[in-house]
Number of protein chains: 2
Amino acid sequence: MNTRLLRYFLAVADTGSLTGAARVLFVSQPALTKQIGRLEAQLGVALFTRSRTGMVLTEAGQALARRAPALVDACEQALRETKSAASRAARVLRVGFIASAANEATQQIIAAFTDAQPGWRVDMHQAPWSDPTAGLADGEVDVALLRLPFPGQESLRVEVLLTEPRWVALPATHPLADRDRVAFRELWDEPFVAAPAATGPWRDYWLAADEREGRPVRIGATTDQPDDWLQAIANGYGVALAPESAARFYARPGVAYRPVTGVSPSHIGVAWPPAGGGDPAVRRFVRCCLRARTAATTGETREAGTVDSDELTTGTDSERNHR
Amino acid sequence: MNTRLLRYFLAVADTGSLTGAARVLFVSQPALTKQIGRLEAQLGVALFTRSRTGMVLTEAGQALARRAPALVDACEQALRETKSAASRAARVLRVGFIASAANEATQQIIAAFTDAQPGWRVDMHQAPWSDPTAGLADGEVDVALLRLPFPGQESLRVEVLLTEPRWVALPATHPLADRDRVAFRELWDEPFVAAPAATGPWRDYWLAADEREGRPVRIGATTDQPDDWLQAIANGYGVALAPESAARFYARPGVAYRPVTGVSPSHIGVAWPPAGGGDPAVRRFVRCCLRARTAATTGETREAGTVDSDELTTGTDSERNHR
DNA sequence: GCGCAGACATAACCATCGGTTATAGAAGCA
DNA sequence: TGCTTCTATAACCGATGGTTATGTCTGCGC
């Protein structure tokens, strides 16, 4: 028995159609036909009754459909645990992150962790936009530095570390690129460079879909990683919201970053699986993150008065913050 | 993920050796080497450390070894339930049996069941010796008529239906074939026709290994089904213990059945999975079995006085019982 | 020290599996 | 009738899972 077959089966059961399930699974319809046929042959049982309108579960199929999700989950959970045990045995903490991780605090967090946990190594795994949990959801990493909110956030432990305003990234030639600040409503009709559709709420968040007062979004391009994203913007395919820190971490000729008013700020958090709380290394890493937060926050609060006007003048943030 | 791989992995983990596990799994050692390698590659994790002396689990391997048995079981359980749901939906009760099932009571049981459960059909599945649970253990049947004791009996519900003495089946040319009765110790040095080694305690029971006072068993042949068994005995490869009813159900030229003293009797029982108690059809079938038991027992008790001497004269039992 | 035995790894080969594209059938619908 | 939309089938291809034969390393007995 094979979990792939079970996932195929569940997809067909859910969509009620081979053709539809094939689309969801990114395989061809004949492949699904064959695999479902094989599964039925293996079991010696008809799982679906075929009709022109689609595939409908038999009673046996319903029995399997009740069991299969738990099975698939249990398998994946076991594989996660195995990988996790391997990295723990090798004294490696796997940290997933998106784009610039926790910005300037990242170095500090990692340094604090390696101090606190001698003999351990940190493996940083950068994730594409298409995985907003940076591999945490599927157990590829033990802990992650993420942009909030992200899909699946409810089933993980999360602590907010940093908050920063969302700016807009524009083609340097864009008329708004000369402005000191941009009101979000001025961007409503602009084409946007978006994350892949599969990321759902995360994509919507970076399109600020909730803050458009119902105006539809124009998608100019879809990209899955920072370099593609910068390229798309520089090419003029569209604009995009980005954390203010992108101006420092992703400065690039042809791309301008400007403050935006009228959109909520972005949060960076540290996230870890509920079960990971038992792992001393994970706990220690989280503690290092929280210590960095207090440090950064007090720092930022102190700077806030002087920065606020500064930042709005644009341009030299990166020098100031890299001092 | 594939349960075959998990089973392979567990076999290697248990035996601590590829070569040994390959023997157990009836595959070649290179096949196992490749599969274990594939599993490790899929996980991106070393599960074993190789050494001259064999394979020893890494910490990751230990983590997987803890999880895997439950996974494999859960998968098999799900498949069992699916098949069971299919047969229930088709109003078919799958009944496994060994050799002559419940002897003359079988017909009566089935008739009573189909009366009590109108619209239902009974599918009888004869099993080879190599599966003393007649497919019950792996969910191929819903209920089974079995010879007791059998391996795995503890995890099933069992009710004894019939008890009959064990006789011996001999080549017709065997010196003891002329005797009215045989003492078991006279058979100690005879070669025996045995069930496959994989059946363990069941095979031992039919060799009466416990009643040899430590004398080793000589195995003349191993067979897996009634016809082979009869053939082996007729060919003179050995003798074998058999239920008295075999004289009626498996009478054959060249094979003689004689009563044996000094071995415990054989029991026939009805067995069903604990979960099957919830299935009305299974419950009904069991009830029919129990009703047949009381009928048969009273009948036998009444006949006992007249039969006892009769049976010891051998030979015509089959006529008498088929009247 | 030498050869042997035992255990894992590798090579070469073959059938089946899991996928593809192209196409056939059947049934609803304008 | 013809179009669309399902599922099923055919023909093909690379990867998988198995085989046998062989290599390589190591420990052991002499």
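Values reported hereafter were calculated over all heavy atoms of this structure, with side chains retained and with hydrogens, waters and symmetry mates removed. Residue numbers begin at 1 in each chain, while the letters A, B, ... track the order of the sequences.
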Check your understanding: For the residue pair A/Trp229 and A/Trp129, does the interplanar ring angle fall in the parallel (under 30°), tilted (30 to 60°) or perpendicular (over 60°) class?
Key ->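 Perpendicular: the ring planes of A/Trp229 and A/Trp129 meet at over 60°.
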Scan [X] against the nucleic acid and name what it touches under 4.0 Å (heavy atoms): base, sugar-phosphate only, or nothing.
X: B/Thr53; result: nothing
X: A/Thr19; result: base
X: A/Gly54; result: sugar-phosphate
X: B/Tyr8; result: sugar-phosphate

Quiz prompt | Residue closer to the 5' end of DNA chain D, B/Ser28 versus A/Pro30 (nearest nucleotide) | solution =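 That would be A/Pro30.
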Would you mind reading off the distance between [X] atom [atom1] and [N] atom [atom2], rounded to a whole angstrom?
X: B/Gln42; N: D/dT16; atom1: CD; atom2: C1'; result: 11 Å
X: A/Ile36; N: D/dT9; atom1: CD1; atom2: P; result: 14 Å
X: A/Asn2; N: D/dA15; atom1: CG; atom2: P; result: 18 Å
X: A/Gln29; N: D/dC6; atom1: CD; atom2: P; result: 10 Å
X: A/Leu32; N: D/dC6; atom1: CG; atom2: P; result: 14 Å
X: B/Gln35; N: D/dA15; atom1: CD; atom2: C1'; result: 12 Å

- prompt: Do B/Arg88 and B/Ser84 have side-chain atoms, one donor and one acceptor, less than 3.5 Å apart?
  reply: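 Yes, B/Ser84 and B/Arg88 have a side-chain donor paired with an acceptor closer than 3.5 Å.
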For B/Thr58 and B/Gln62, test the side chains for any donor-to-acceptor distance below 3.5 angstrom and give the result as yes or no.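 No pair is found: no donor N or O on one side chain lies under 3.5 Å from an acceptor on the other.
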* Asked: Does B/Ser51 or A/Lys34 map to a spot on DNA chain C nearer the 5' end, using the closest nucleotide for each?
  ->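 That would be B/Ser51.
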### Query
Would you call B/Arg121-B/Asp123 a salt bridge at under 4.0 Å N-O?
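Yes.
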Review point. Got A/Leu18 and A/Ile36 here, is their nearest side-chain heavy-atom distance under 4.5 Å?
Key: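 A/Leu18 reaches A/Ile36 side chain to side chain.
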Can you check whether A/Phe192 and A/Tyr237 have ring centres sitting under 6.0 Å from each other?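 Distance test on ring centres: not under 6.0 Å, no.
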Worksheet item: Does the pair B/His125 and B/Phe97 meet the rule for a side chain to side chain contact (heavy atoms under 4.5 Å, CB included), with working shown?
Response: CA-CA 6 Å; B/His125 293 264; B/Phe97 67 99; 5.7 Å; no
Item to complete: Taking heavy atoms of chain A and a 4.0 Å limit, find me the 5'-most and 3'-most nucleotide of DNA chain C within that range.
Response: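 Contacts span C/dC17 to C/dG28, reading 5' to 3'.
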